[in-house]
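A short write-up of the structure that comes next.
These values consider heavy atoms only, across backbone and side chains, with no hydrogens, waters or symmetry-generated copies.
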Amino acid sequence: MRDENPHRDDQGARPRAMGSVAFKPKDTLGFITLEEVERLARTMRTLDLGEAKLTADQRFLFLGLGEEQAQAAREALGVVAPPRSLSVHACPGSAGCKNGLRDTISIARRLQAHLSDLSFPAKVKIGVSGCPRCCAESMVRDLGLIGRTNGWTLAFGGNAGIAPRTADVLASGLSDDDSLDLSRRILHMYLESAPAKTRTARFVEREGIEVLRAKLGLRT
């Protein structure tokens with residue numbers, strides 16, 4: 001039977017990139033409630049969408065929508081969360097992974113709560129990994145926490161973009177409170193000193209990691 005969906009190509013493949021609508025769950029760490037799942041499912045059935053793309057930013061993206069479909073999706077899903085300058089990603093950690101050495105979800109929520117009101121010079125991505133396997137890509141994030149048996153390792157200045165950079169380790173063996181305190185201090189330094197639109201990787205390259213360590217009172 002012929003596919004009558006005008007937003008699919010002649011081979012009945014995935015929709016063409018005509019337009020898109022993104023929906024992000026309220027929880028910033030990627031958890032989604034039953035109510036949100038049901039709302040997504042109802043919207044997809046109404047629009048006759050067979051699939052949605054889960055992006056790296058933990059958004060559900062509806063691709064190939066016409067103008068009327070896109071407007072209907074926005075109305076059905078409610079207000080779509082605007083982009084934020086801060087995003088915190090965390091692996092399941094000790095609560096959901098046999099390799100997890102630390103409680104990633106708890107500390108990620110605390111980081112989000114303590115830092116979400118700050119206005120950074122550029123976007124800041126934080127990765128919280130429960131073990132050295134670094135499933136949250138903590139060593140290529142602006143700020144990364146890596147769980148180890150003796151506490152958290154904190155790294156700063158990573159980037160996985162067009163000019164990749166491995167983050168520098170600032171301290172290891174940190175408690176939850178100490179890692180939060182150091183995170184606030186280095187990000188405030190970045191906020192106060194970096195030019196607009198400068199990511200942390202370029203900030204570290206400009207300032208020098210040893211200079212930053214000295215300003216933080218850390219051993220060089």
Side-chain angles (χ1 to χ4, degrees), residues 27-30 56-58 83-94 100-220:
D27 192 292
T28 54
L29 293 181
D57 194 35
Q58 300 173 342
R84 298 189 177 194
S85 61
L86 175 74
S87 61
V88 183
H89 292 187
C91 75
S94 58
L101 301 173
R102 297 281 154 186
D103 181 356
T104 57
I105 304 303
S106 174
I107 197 165
R109 291 196 191 284
R110 292 177 68 185
L111 280 166
Q112 183 75 56
H114 282 87
L115 302 172
S116 60
D117 291 336
L118 299 179
S119 181
F120 296 105
K123 60 184 176 182
V124 170
K125 296 183 178 182
I126 296 178
V128 183
S129 300
C131 80
R133 290 170 176 80
C134 258
C135 290
E137 300 180 341
S138 304
M139 290 301 295
V140 288
R141 298 294 189 185
D142 295 283
L143 187 140
L145 291 179
I146 302 104
R148 299 180 183 274
T149 54
N150 67 336
W152 294 103
T153 293
L154 190 150
F156 181 72
N159 190 283
I162 195 168
R165 184 179 191 278
T166 301
D168 292 287
V169 172
L170 290 180
S172 299
L174 299 171
S175 67
D176 286 8
D177 289 342
D178 288 341
S179 63
L180 288 167
D181 178 66
L182 184 55
S183 296
R184 283 195 299 268
R185 289 166 60 203
I186 187 60
L187 286 173
H188 270 285
M189 188 179 296
Y190 162 65
L191 184 158
E192 294 165 0
S193 304
K197 299 183 180 180
T198 301
R199 293 290 298 274
T200 60
R202 311 289 82 87
F203 173 67
V204 171
E205 291 171 347
R206 190 188 74 169
E207 298 291 325
I209 192 62
E210 298 305 331
V211 172
L212 296 178
R213 284 195 181 105
K215 289 181 178 179
L216 291 166
L218 302 174
R219 293 180 180 179
T220 59

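Within the 4.5 Å cutoff, side-chain heavy atoms of Met189 are placed close to those of Leu212. Looking at Thr153 and Arg148, their side chains come closer than 4.5 Å, going by heavy atoms from C-beta outward. Between Leu115 and Val88 the shortest side-chain heavy-atom distance does not fall below 4.5 Å. Side-chain contact check for Lys215 versus Glu207: some heavy-atom pair is nearer than 4.5 Å. Here the side chains of Ile107 and Ser179 are in contact, with some heavy-atom distance below 4.5 Å. Asp177 has its side chain within reach of Arg110: a pair of non-hydrogen atoms, C-beta onward, lies under 4.5 Å apart. Here the side chains of Trp152 and Thr104 are in contact, with some heavy-atom distance below 4.5 Å. Side-chain contact between His89 and Lys125 is absent, with no heavy atoms from C-beta onward closer than 4.5 Å.
When every heavy atom of Tyr190 is checked against every heavy atom of Thr198, the shortest pair comes out as OH-O, 2.6 Å. Arg141 approaches Glu137 most closely through the heavy-atom pair CG-O, 3.0 Å. Scanning all heavy atoms of the two residues, the minimum distance from Ala194 to Phe203 falls at CB-CD1, 3.7 Å. Considering every non-hydrogen atom in both Ala167 and Ala155, the closest pair reads CB-CB, 3.7 Å. Counting all heavy atoms, side chain and backbone alike, Ile105 lies closest to Leu29 at O-CD1, 3.9 Å. Contact detail for Ser129 and Cys135: the closest heavy-atom pair is OG-N, 3.7 Å.
Leu143 contributes atom CG, which lies 4.5 Å from atom OG of Ser183 (distance to the nearest 0.5 angstrom). Once rounded to the nearest 0.5 Å, the distance linking OG1 of Thr200 with CG of Asn159 reads 7.0 Å. The CG atom of Leu101 lies 6.5 Å from the OG1 atom of Thr149; values are rounded to the nearest 0.5 Å. The CD atom of Gln112 lies 5.0 Å from the CG atom of Leu86; values are rounded to the nearest 0.5 Å. Annotation: the span from Leu191 atom CG to Ile186 atom CD1 amounts to 11.5 Å, rounded to 0.5 Å. Between the CG atom of Asp168 and the CZ atom of Phe156 there is a distance of 9.5 Å, given to the nearest 0.5 Å.
Of the possible polar contacts, one joining the Arg165 side chain to the Gly157 backbone as a donor-acceptor pair under 3.5 Å is found. Under a 3.5 Å cut-off, the side chain of Arg199 and the backbone N or O of Lys123 do form a donor-acceptor pair.
Heavy-atom contacts from other residues, nucleotides or ligands closer than 6.0 Å to CZ of Arg206 number more than 12.
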For this session: List the steps, then state whether side chain to side chain contact (heavy atoms under 4.5 Å, CB included) holds for Leu145 with Ser138.
Result: CA-CA 6 Å; Leu145 291 179; Ser138 304; 5.7 Å; no
For this session: With side chain to side chain contact (heavy atoms under 4.5 Å, CB included) as the test, would you mind laying out the steps for Val128 and Ile126 before giving the verdict?
Result: CA-CA 7 Å; Val128 183; Ile126 296 178; 4.2 Å; yes
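When the salt bridge (charged side-chain N to carboxylate O under 4.0 Å, His left out) test is applied to Asp103, no partner is found at least two apart in sequence or on another chain. Residues that satisfy the side chain to side chain contact (heavy atoms under 4.5 Å, CB included) test with Thr166, not counting sequence neighbours, are Met139.
No donor-acceptor contact under 3.5 angstrom links the side chains of Ser94 and Arg102, judged on distance only.
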